[in-house]
> 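One structure, as structure tokens, below. Some questions next.
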There are 2 protein chains.
Amino acid sequence: MAGRTDTKTRILDAAEKLFAERGFSETSLRLITSKAEVNLASVNYHFGSKKELIRAVLARYLDVFMPSAAGEIKRLHNAPEQASLNEIFSSLIKPLLELNKVRQGGTIIFLQLLGRGYIESQGHLRWFITTHYGEYLSTFVQAVSASAPHIPAAEMFWRLHFTLGTIVFTMASADALNEIAAADYDEHNDTEAIIRKVIPYMAAGVAVPVTTN
Amino acid sequence: MAGRTDTKTRILDAAEKLFAERGFSETSLRLITSKAEVNLASVNYHFGSKKELIRAVLARYLDVFMPSAAGEIKRLHNAPEQASLNEIFSSLIKPLLELNKVRQGGTIIFLQLLGRGYIESQGHLRWFITTHYGEYLSTFVQAVSASAPHIPAAEMFWRLHFTLGTIVFTMASADALNEIAAADYDEHNDTEAIIRKVIPYMAAGVAVPVTTN
DNA sequence: GATTAATTTAAACGAGTGTTTAAATTGAGG
DNA sequence: CCTCAATTTAAACACTCGTTTAAATTAATC
């Protein structure tokens, strides 16, 4: 069949969009396969199970994003002077926006998938990410810690998860928030604009001195 | 039957715990009624539908929390000098922790329910909250805005949703995060400790000057 | 072009879902 | 004590879900 993309790819493309929009368990294989215009059974044929499809959808993004982000971090590390927190977080903008070139809407889809995965899964996705991409994560954590040496490691652990929550929750409700912002403030933000809004917020929060009260 | 609580209450008690732990759609009525030791059909008899049960579960907390929180905000407003962002956010600690007296684990359950509601629902819960408790929300937004007058209203809209994402995501994964923190840093935090960690982070983020780059 | 492997297809399976029904049980009020 | 309403109960309903099966079709190899 000429002009028709791979069945496997058609499934992944349809699945990632629906997963990002409505979550994993809210998205049935029947909905995915009908949007992808492939047979229901082809999911189990090509991926084995729905769980493995979810992992494949995420892996397709992580395999692009993680090395790219790690490269940016290393570039900052080789610079003559210590990078600021804002610079470190901002260095993730390019890798994130490059996902838009991989697939239309790739950036927001990736961030939404990440959030869905963290909130929905009971652990199998968390395990998948940390065991497959753990090395990338630790270089990032190390870079952030070096840039805010006044924050103890345990406190940094919590704050980095705060940032994850911030970005992930924001992206999960980005469409709804954008609608309200457009109606109430006549503001129209794309994914990049939202990312650029959230970075100063996160950087300030991560670096704020620890208070004991 | 002596010593046995109201069927309606038994359902609400069992439902809120399960909803907070695993989400709304992941929790079946059969699981709820078996934990509550009541008949399956009693949910539809007392609440009409699962959707209305979800709203009832949330309302039971919001009816306590919202007036209490609004009272604290007004107390700050009547003080001689302008409250700081830290003070405003901190003023929510007491109303939040009071929920622990209403029911065991009430604080974290409430925050987790809020997060589940915002992420899972396609709007019916958002609508329910804003139409039933909108007045409370705007007094809070007003207090925050007055305390950070250098932040434009549109920017504040986004930043307050950032804070919502921060707290809600953190609480949704609080158990898992606490396990890691205990293993890696020998830290043992209860709900209050986590709230006290997150407030400086949020206050710093909300108040950080808007940069144009 | 025949043979073998890879893929696609339609159909069914078994389990789980929220909801409804009608009968059985319980609790008050007269 | 009897009556009537409120509640509880067991059973069934109609539906959706992920997965499996076996036959049909397509693609590749010799």
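Reminder, nothing fancy here: chain letters follow the sequence lines and each chain counts from 1.
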> Which pairs, with at least one residue in residues 38-64 of chain B and sequence neighbours excluded, count as a ring pair (Phe, Tyr, Trp, His ring centres under 6.0 Å)?
B:Y61-B:F110
> Going by the rule salt bridge (charged side-chain N to carboxylate O under 4.0 Å, His left out), which residues pair with A:R103 if we only count those two or more places apart in sequence or in a different chain?
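A:R103: salt bridge (charged side-chain N to carboxylate O under 4.0 Å, His left out) contacts with A:E16.
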> With the threshold set at under 4.0 Å for non-hydrogen atoms, list the residues of residues 43-58 of chain A touching DNA chain C in residue-number order.
A:Y45, A:H46
> Taking salt bridge (charged side-chain N to carboxylate O under 4.0 Å, His left out) as the definition, give me every residue that meets it alongside A:R75, ordered by chain and number, with sequence neighbours left out.
A:E72
> At under 4.0 Å, does any side-chain N or O of A:S42 touch on OP1 or OP2 of C:dT9?
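A:S42 to C:dT9 OP1/OP2: no side-chain N or O under 4.0 Å.
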> Taking only residues at least two apart or on different chains, which pairs with a member in residues 168-178 of chain B satisfy side chain to side chain donor-acceptor pair (under 3.5 Å)?
none
> Got a sec, which residues hit side chain to side chain contact (heavy atoms under 4.5 Å, CB included) with A:V38, two or more places apart in sequence or on another chain?
A:R4, A:T7, A:R10, A:I11, A:T33, A:A36, A:S42
> Run the salt-bridge test on B:D190 and B:R196 with the 4.0 Å N-O cut-off and return the result as yes or no.
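Here B:D190 does not pair with B:R196 in a salt bridge, since their nearest N and O are not under 4.0 Å apart.
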> Roughly how many Å is it from CG in A:L40 to C1' in C:dA10, rounded to a whole number?
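Distance check: A:L40 CG to C:dA10 C1' gives 10 Å.
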> Using a cut-off of less than 4.0 Å, is there contact between a side-chain N or O of B:S28 and OP1 or OP2 of C:dT17?
yes
> Using side chain to side chain contact (heavy atoms under 4.5 Å, CB included) as the criterion, list what pairs up with A:V198, not counting sequence neighbours.
A:T166, A:I167, A:M202, B:F162
> Using a 4.0 Å cut-off on heavy atoms, which residues in residues 30-39 of chain B reach DNA chain D? List them by number, or say none.
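Heavy-atom cutoff 4.0 Å gives B:R30, B:N39.
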> Measure from the side chain of B:A41, starting at C-beta and using heavy atoms only, and say which of D:dA10, D:dG18, C:dT19 lies closest.
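The answer is D:dA10.
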> When we call it a touch if two heavy atoms are under 4.0 Å apart, what does A:T27 touch: a base, just sugar-phosphate, or nothing?
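Sugar-phosphate only.
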> Does anything in residues 48-59 of chain B pair up under side chain to side chain donor-acceptor pair (under 3.5 Å), and if so which pairs, sequence neighbours excluded?
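Side chain to side chain donor-acceptor pair (under 3.5 Å) check on residues 48-59 of chain B returns B:S49-B:E52, B:R55-B:H124.
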